[in-house]
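Notes for the one structure printed next.
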Amino acid sequence: MKKETAVKNLDTIITKVEGARLKVSEHHIVKIIGISKYSQSQDVATLYDAGQRAFGENKVQDLKVKSEELNELPLEWHFVGRLQKNKINNLIDLNPTLVQSIDSLELAQEFNKKLQIKNKKISCLLQINSAQEDSKTGVLPEEAVNIYKKILDTCPNIRLKGVMSIGAHVEDREIIKESFRTTKKIYDELVPLGAKYCSMGMSSDFELAIACGSNMIRVGSTLFKD
Ligand SMILES: *Cc1c(COP(=O)(O)O)cnc(C)c1O
């Protein structure tokens, strides 16, 4: 990826984010996470030069390789993928900034146990399957608030910071919007309990997600395209 391309991609996204967030409120700040799963470390470094600081991966092994190759740069790393139990220790050792994909109470408790053994605390989001799609993980919307509270009560080494969701995988914008609204409603209920991030929106739907209240978007293909 060329430097000019990185600058152009990032500028395009920032301009769209600005437009969308200002329609919500001047004070509505949206954080952009560059999802680098289809790209190489060199492209991450190029985007860093263009000004992007926060990146995310969906496989623990890829997060390890890229964060180690780029450890000279002051990057922030997020984990957004399905977390297998046997990879929890490896993920903890990488000190991610935010684990966005805690998708069950059981996983939270296992993660917490491993964190306690290592005497560490890590910030996490609870993933919600707002579109109720079988292909996706995450807790069901109607159970989300209760599970969030249970994690707060039983997992002292998890710093729970909000929710993450993937929009409905359909063409119909109304259905996608409905899934974002579902997540936002849950997030609003959790703000009094300390929730800070409502992570929703990817390359194809981040403006819609921001209009629905997202304050963290995860963009991969549009940010890294050649
Ligand atoms: C891959 C991925 C993204 C980015 O998807 P794009 O459509 O390429 O922007 C965002 N969130 C999660 C959880 C992902 O796995």
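All of these numbers come straight from a predicted model, not from anything done at the bench. Both ligands and their constituent atoms are indexed starting at 1 by order of listing.
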For this session: Share the residues that join Leu22 in a hydrophobic cluster, the rule being Ile, Leu, Val, Met, Phe, Trp or Tyr side chains under 4.5 Å apart at the heavy-atom level.
Result: none

For this session: Tell me yes or no: between the side chains of Lys118 and Asn157, is some donor less than 3.5 Å from an acceptor?
Result: no

Exercise. Between Glu69 and Ser41, does any side-chain donor sit less than 3.5 Å from a side-chain acceptor?
Worked result: yes

Problem set entry | Nearest-contact summary for atom 11 (N) of ligand 1 - protein heavy atom, Å | Arg218 NE, 2.9 Å

Exercise. Which residue and non-hydrogen atom of the protein lie closest to atom 10 (C) of ligand 1, and at what distance in Å?
Worked result: Met202 SD, 3.2 Å

Exercise. Would one find an N or O of Ser204, backbone or side chain, under 3.5 Å from an N or O of ligand 1?
Worked result: no

For this session: List every atom of ligand 1 that sits less than 4.0 Å from any heavy atom of Val219, numbering the atoms from 1 in the order shown and giving each element.
Result: 9 (O)

Seminar exercise, completed: re atom 13 (C) of ligand 1, the protein heavy-atom contact at minimum distance is Val80 O, 3.5 Å

For this session: Any atoms of ligand 1 less than 4.0 Å from a non-hydrogen atom of Lys37? List them with their elements.
Result: 1 (C), 2 (C), 3 (C), 14 (C), 15 (O)

Problem set entry | Minimum-distance protein heavy atom relative to atom 9 (O) of ligand 1 | Ser203 OG, 2.5 Å

Exercise. Taking atom types as modelled, is there a side-chain donor on Thr222 or Ser203 under 3.5 Å from an acceptor on the other?
Worked result: yes

Problem set entry | Where ligand 1 meets Ser221 - atom numbers and elements under 4.0 angstrom, heavy-atom basis | 6 (P), 7 (O), 8 (O), 9 (O)

Exercise. Mind checking what makes side-chain contact (heavy atoms from CB on, under 4.5 Å) contact with Ala211, not counting sequence neighbours?
Worked result: none

Problem set entry | N-O pairing of Lys114 and Glu110 below 4.0 Å | yes

